[in-house]
There are 2 protein chains.
Amino acid sequence: MKRKVTLKQIAKELDVSISTVSKALRNSKEISEDTREKVQAFAKLYNYKPNNIALSLKNKKTKTIGIIIPEIVHHFFSKVIRGIELVANKRGYNVIVGLSNESFNKEVINMEMLANGSIDGFILSISKETLLQQDYHHFYETINQGMPIVMFDRVVNDVRCDKVIVDDLKGSKKAVNKLIENGCKNIAIITTKDYVSVGKLRTQGYLEALEDHKIQPKSELILKIVEELDAEDHLEDLEAEIECLIKNNPEIDGVFAVNELYALTAMKVAKKLKRKIPADIQVIGFTDGVLSKHATPSLTTVSQHAQQMGEKAAELLIDNLEHEEEEEHYKTVVIETELIERESTK
Amino acid sequence: MKRKVTLKQIAKELDVSISTVSKALRNSKEISEDTREKVQAFAKLYNYKPNNIALSLKNKKTKTIGIIIPEIVHHFFSKVIRGIELVANKRGYNVIVGLSNESFNKEVINMEMLANGSIDGFILSISKETLLQQDYHHFYETINQGMPIVMFDRVVNDVRCDKVIVDDLKGSKKAVNKLIENGCKNIAIITTKDYVSVGKLRTQGYLEALEDHKIQPKSELILKIVEELDAEDHLEDLEAEIECLIKNNPEIDGVFAVNELYALTAMKVAKKLKRKIPADIQVIGFTDGVLSKHATPSLTTVSQHAQQMGEKAAELLIDNLEHEEEEEHYKTVVIETELIERESTK
DNA sequence: ATCTACAACGAAAACGTTTTCGTGTTAACA
DNA sequence: TGTTAACACGAAAACGTTTTCGTTGTAGAT
């Protein structure tokens, strides 16, 4: 087992100084061609690679970016990571990921763990608990220490940092408009409580679309799910709530759901109640997931372009890191949504 | 913007030496109580946290583990990551992920990028291209440099390292046995080419289960898909191949598919050909995915316990890192599979 | 007055780099 | 012969820690 070789060892072996070795390897013309060749040959032979940690310490740059997300077993987030990793790698950066698991504490701990020199900047999406408690001190402190943050999807406006968001409002308007165009008269929405910013915005888009078409929104048709922080485990509750909605409002002929699970559950319930999709009820979801594509009937959705979001976020962060221009001018990039029509709409 | 404070700055401010500050913060009794309190108060005030990079350099430990996987937008892999992150975090480690994207080159580059001091050890699953080329020099070199590796799921036996695998053979036997018990007489398998070790093993399990029941395997019923390295993009081809299989062999009354996509596509084709599931054809998949649960009909699958695999892998690696006992005795942990019965079987 | 012992602290090395600033040697030139 | 310039290289600092090994100063014992 031959451990990694260092400059010092090469220097000793070749009976020159460490500086000489370093310079020779970087092709400094300060060093004679003879010595350069000798050193380089030796280094190649022993497969010398500079130690990243030492470089990081010296340069005060780690070439690593930290990602903090609420959950990784989730198509949206894993696609974002893929996007981040893609451009990070292309630009010579590594990514280190921390999962908040939707918990405020884990988010804080994870950030503190990474903020002490391990990374150059953060890309993150805020946990539900944090959004609920509205405690953002960890973001402020991080930024105050000179470490840039880029937030995506779940952001909070007050924090001074770059942001990448989906045009939730426009996206849901698109969806609801589509339902209206397709002849739906009584469109229900299945959404989240308002503290989840994206839920709020999507609800707003729904309302605006109705208003644009002079349709009076009815509160009975707006179902706000209390998220038990882990919806997958409470599928029956979700199903029951949606079943209530549809049973109590048999006039419903269109459903807009703010995420994939809600949409799929809605379709499931509808089928159970013997409603044909899309004949009796048309359904549109909001998501990037794989479920929509493979569901039966396949689900029309508002696609969020998750990977593109990740790419953009990484670009913003790295640009910020590499141009120290300290402009203090933060951008908010809006990623356009796209309505992908499948079988659940006419 | 107050940048991170260092020992040196505290020392200067308090007019003591760096060593004194360091010792005071670590509660060394070498330092008088007076000084200790003073230093600690000051450190707390300025929110001192030791610099991880400096610690890493000094200790020659980064407390970070590297994960290399072929793909992240994939339920199996993201669940494994979740498992790894869970125990890594619990034991004070961070995780840094690299994606090979099923490419040999990216796998090598990623590993080299991380092996130069950034991490203490690897957890990885081998890319298809690497398996195909059978070039494992990067693994050998890494291990030779004293950096431990834990492989999971897609492993190669020759490499001397810990491994965590699913009992693919037993798992697929379970599945096929189930189909036989349920009365299937002509069971087809949709699998991968043999160079993907898990595909090979699952095929083998299929064959053994048939043999155990004195059923003669028929080569027409064994469909080995050539993976175009990105199956999602060639859905129609996949569909066409499976349609061929079922059309040419109308006697098929059971299908065992080695992954979720194949299984779902098989169900889709079956429905298209007006076969009832599970009445005419029963289907079982092999996966941990979310599609199976939400498909219609929902898919009976062999669950791989992905998260548990991740947890185990992380434990093996960290145990190895922390007990320097150099036993050179490598373990292979087998994670049992579980047959989850849903609607696609009787 | 001398010695011992202990308490409280500081200097310096070490981890592996890069880079600045010497320094010694040689050759060219006046 | 003496001066200068170029060349080739080395010493040392710096990044932020921890730790070993001094070095003081003081108090108590002889």
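Please read these numbers as outputs of a predicted model, since none were measured by experiment. Within every chain, numbering begins at 1; the chains are lettered A, B, ... in the order of the sequence lines, protein sequences first and strands thereafter.
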Look at atom CG of A:Asn27 and say whether more than 12 heavy atoms of other residues, nucleotides or ligands are closer to it than 6.0 Å.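 Check passes, neighbour count above 12.
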
If you find the nucleotide of DNA chain C closest to B:Val16 and the one closest to B:Leu57, which residue's nucleotide is nearer the 5' end?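 Going by which nucleotide is closer to the 5' end, it is B:Val16.
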
Classify the side-chain pair [X]/[Y] by whether it contains a donor and acceptor separated by less than 3.5 Å.
X	Y	value
B:His138	B:Glu112	no
B:Glu141	B:Gln145	no
A:Asn116	B:Lys4	yes
B:Ser17	B:Thr20	yes
A:Thr130	A:Ser127	yes

Using a strict cut-off of less than 4.0 Å between a Lys/Arg side-chain nitrogen and an Asp/Glu carboxylate oxygen, indicate whether B:Lys106 and B:Glu129 qualify as a salt bridge.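 Looking at B:Glu129 together with B:Lys106, the answer is no, because their closest N to O distance does not fall below 4.0 Å.
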
Students often get this wrong, so: under 4.0 angstrom with heavy atoms, is [X] touching a base, only sugar-phosphate, or nothing?
X	value
A:Thr6	sugar-phosphate
B:Leu7	base
A:Lys60	sugar-phosphate

Close residues, residues 20-34 of chain B, relative to DNA chain C [heavy-atom separation under 4.0 Å]: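 Contacting residues: B:Thr20, B:Lys23, B:Glu30, B:Ile31, B:Ser32.
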
Strictly below 4.0 Å, heavy-atom distances to any atom of DNA chain C: list the hits from residues 35-53 of chain B, or just say none.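 Per residue number, the list reads B:Thr35.
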
For B:Ile65 versus B:Ala88, what's the shortest heavy-atom pair and its separation?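 Reported closest heavy-atom pair: CD1-CB, 4.2 Å.
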
What's the shortest heavy-atom distance between A:Val166 and A:Val334, and which atoms?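 So the two residues come closest at C-CG1, 4.4 Å.
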
Answer yes if the ring centres of B:Phe42 and B:Tyr46 are under 6.0 angstrom apart, and no otherwise.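 Yes; B:Tyr46 has its ring centre under 6.0 Å from that of B:Phe42.
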
Anything under 4.0 Å to a heavy atom of chain B counts; send over the first and last such nucleotide of DNA chain C, read 5' to 3'.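 Reading along DNA chain C, I get C:dA8 to C:dG16.
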
